[in-house]
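Here's the structure, in structure tokens; my notes come after.
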Amino acid sequence: MKKVLTIILGLSCLALSAQKKWSLRECVDYATKHNLQVIQNEYSKQMQDLNLKIARKNYLPSVSANVGNSVSFGQASLGTGSIRNDRFSNNANIGADILVYNNGRLEKTIRKTEFDVEASQYDIETIKNDISLQIAQQYLTTLLNKEIVKISQAAVENAQKQYDRSKITTEVGTTAQTVLAEAEAGLAREKQNLKTAEINVGRSLFALAQLLQLQDYKNFDVEDVNVPDQLESQLISVDEVLTTAYETQPQVKAAESRIRAAEAQTEVTKTAFWPTVTASAGIGSFYNNLLNTRITGYDLFGNPAVEPTFFNQYKDNFGQNIGVSVNIPIFNKGITKLQVEQSKLQENIAKASLLQQKQMVRENVQKAQFDADANYEIYLSAVQAEKSTKLALDFADKSYAAGRSTIYDVNIARNNYANAQGSVAQAKYNYLFSLKLLNFYAGIPLSL
């Protein structure tokens with residue numbers, strides 16, 4: 001019994017999971033978290049973070065230790081003759097050095113790296129914004145296709161009613177067989193249009209699932225959003241949007257950070273003109289052992305001097321050192337001067353990139369403004385056309401019922417009305433996306 005309940009609960013959970021419908025906010029959040037391009041740039045950001053840690057660590061002294069062993073065998077020269085010299089040597093040293101002065105090179109390097117970290121973070125935000133806009137556009141396309149399905153379903157229902165009515169009138173002999181044939185053909189066309197609309201919904205959902213990089217796209221669906229039938233014109237001016245966009249858009253902020261990074265790099269490069277002062281300190285000791293004898297000599301009384309032990313030698317030979325070195329640049333073939341010129345060129349390149357980013361933002365905002373105005377006018381015209389075609393369809397239905405027009409006139413009027421409804425839906429969602437794009441540049445998060 002427990003197994004049966006477990007299976008039932010599992011299937012219920014799967015069904016609920018399969019029935020989940022994604023909101024626009026969920027799609028955007030998921031895409032910006034799991035997109036491979038975002039993940040790749042996050043790795044680049046982590047690399048910059050590590051570079052910053054390395055730059056800060058350079059304030060600390062460098063400490064190193066070494067231990068050496070050597071063995072030699074054979075004769076060694078002694079005056080005009082030679083002496084047997086089999087020897088084992090051991091030495092151990094530990095030393096530290098620290099940069100004392102280089103005209104603030106460490107501080108300037110840290111500042112330059114901090115700007116690189118800022119720029120890499122803004123790069124991630126730029127990619128997330130691009131993905132968010134793609135998601136929003138495809139999401140609205142899906143909603144548009146779903147609305148067209150509803151329009152097609154209504155058209156099928158009307159065509160079905162027309163067919164049923166024509167079938168009755170033909171059977172009783174009121175209308176000719178051609179009327180029934182045309183009604184049947186009209187019903188088949190509307191069913192075909194409905195099937196095409198349903199396929200377009202599946203295609204748009206598949207495209208959206210690909211943007212989200214979902215593997216299970218077959219069970220993917222989005223929420224049905226109630227978009228108002230009456231849309232108001234947007235009131236935000238281009239200048240207001242641009243002012244906010246220049247201050248908030250990450251591609252602009254990244255370009256500004258790279259300008260500051262380039263300026264900081266120039267200051268780092270200039271430190272090569274200045275002396276470098278380094279302090280060092282160390283301790284060490286050594287041990288020697290004559291392998292062929294333990295006697296190192298004789299005292300004044302002729303007594304042999306025995307070689308000290310390892311620890312005694314290390315104690316007696318222990319030494320310390322401390323020093324300060326100054327490296328003064330005098331002439332390096334003019335390379336430092338050329339490197340400074342290169343850094344200044346990088347500053348100019350970064351400034352040109354900022355102007356380019358601002359130009360792209362301005363063009364995008366102006367295009368969104370133009371599209372919003374144009375799409376709103378198209379929307380108003382489409383709404384008026386829809387009203388006119390609906391009135392024409394009503395007259396055609398009444399005229400056909402009164403016997404003053406043919407079924408062909410009704411089908412034409414119905415097609416015109418369906419096309420007008422599709423145009424209204426298309427214009428509505430195009431205008432809605434233009435508004436969302438303008439709001440996005442104005443600093444308003446994407447939502448429906």
Side-chain angles (χ1 to χ4, degrees), residues 19 21 140-207 217-222 224-231 375 377-431:
Q19 294 170 1
K21 293 189 176 183
L140 290 175
T141 300
T142 304
L143 295 181
L144 169 61
N145 289 334
K146 285 192 171 188
E147 189 161 334
I148 292 176
V149 167
K150 295 178 182 178
I151 295 172
S152 299
Q153 288 173 342
V156 169
E157 291 176 2
N158 291 330
Q160 184 67 53
K161 292 177 182 178
Q162 185 67 46
Y163 171 76
D164 294 339
R165 184 171 56 184
S166 299
K167 184 176 181 181
I168 294 173
T169 57
T170 302
E171 289 177 351
V172 299
T174 306
T175 57
Q177 188 68 32
T178 55
V179 173
L180 177 60
E182 177 58 28
E184 186 176 3
L187 177 59
R189 285 193 298 268
E190 297 301 340
K191 287 183 178 180
Q192 182 184 9
N193 293 335
L194 174 59
K195 180 56 66 176
T196 301
E198 290 172 345
I199 292 175
N200 287 337
V201 170
R203 183 178 287 112
S204 59
L205 284 172
F206 174 71
Y217 63 87
K218 293 183 179 179
N219 295 321
F220 175 72
D221 200 0
V222 299
D224 294 326
V225 180
N226 293 323
V227 178
D229 293 331
Q230 299 297 326
L231 300 177
N375 290 332
E377 294 298 325
I378 294 173
Y379 167 73
L380 294 178
S381 300
V383 169
Q384 189 60 42
E386 182 188 24
K387 293 179 180 178
S388 300
T389 54
K390 180 64 170 64
L391 184 61
L393 177 59
D394 293 339
F395 284 144
D397 281 334
K398 293 177 181 179
S399 179
Y400 175 73
R404 291 193 298 270
S405 63
T406 66
I407 192 173
Y408 301 101
D409 298 324
V410 175
N411 287 337
I412 291 174
R414 183 183 296 111
N415 289 336
N416 291 338
Y417 178 59
N419 291 334
Q421 286 180 302
S423 297
V424 169
Q426 182 76 50
K428 179 170 65 176
Y429 282 96
N430 286 343
Y431 175 62

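Counting begins at 1 with the first residue of the sequence. Computed from a predicted structure; not experimentally measured.
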Subject >> Interatomic spacing from CD in Q177 to OG in S166 - rounded to 0.5 Å >> reply: 10.5 Å
Original post:
Any side-chain heavy atom of E182 sitting closer than 4.5 Å to one from V410?
Top reply: no
Subject >> Distance, nearest 0.5 Å, that separates CG of L393 from CG of N411 >> reply: 10.0 Å
Original post:
Quick one: does T389's side chain have a donor or acceptor within less than 3.5 Å of a partner on A385's backbone?
Top reply: yes
**OP:** Compare every heavy atom of I151 with every heavy atom of A425, then report the nearest pair and how far apart it is.
**Re:** CB-CD1, 4.5 Å
Subject >> Electrostatic pair E147:K150 at N-O distance under 4.0 angstrom >> reply: no
**OP:** Please say which of K167, R165, E171 ends up in a side-chain contact (heavy atoms from CB on, under 4.5 Å) with L180.
**Re:** K167
Original post:
Side chains of D224 and K21: does their closest heavy-atom pair fall under 4.5 Å?
Top reply: yes
Original post:
Distance from L194 atom CG to E198 atom CD, nearest 0.5 Å?
Top reply: 4.0 Å
Original post:
Would K390 and D394 pass as an ion pair if we require N to O under 4.0 Å?
Top reply: yes
Original post:
What is the minimum heavy-atom distance between Q160 and L187, and which atoms define it?
Top reply: OE1-CD2, 3.3 Å
**OP:** Might you point out which heavy atoms bring T141 and S204 nearest each other, and give the distance in Å?
**Re:** CG2-CB, 4.4 Å
Subject >> Set of ring-ring contact (aromatic ring centres under 6.0 Å, His included) partners for F206, sequence neighbours left out >> reply: Y217
**OP:** Measure the spacing between OG1 of T196 and CD1 of I148 and express it to the nearest 0.5 Å.
**Re:** 11.0 Å
Original post:
Could you state the interatomic distance from CD (E184) to OH (Y163), rounded to the nearest 0.5 Å?
Top reply: 5.0 Å
Original post:
Between the main-chain N or O of N145 and the side-chain N or O of N200, is there a donor-acceptor pair closer than 3.5 Å?
Top reply: no
Original post:
When you check the side-chain N and O atoms of N158 and Q162, is any donor under 3.5 Å from an acceptor?
Top reply: no
Original post:
Are K218 and L205 close enough that some pair of their side-chain heavy atoms sits under 4.5 Å apart?
Top reply: no
**OP:** For the pair R414 and E190, find out whether any cationic side-chain nitrogen is under 4.0 Å from an anionic carboxylate oxygen.
**Re:** no
Subject >> L143 vs L140, side-chain contact (heavy atoms from CB on, under 4.5 Å): CA-CA, chis, key distance, verdict >> reply: CA-CA 5 Å; L143 295 181; L140 290 175; 4.2 Å; yes
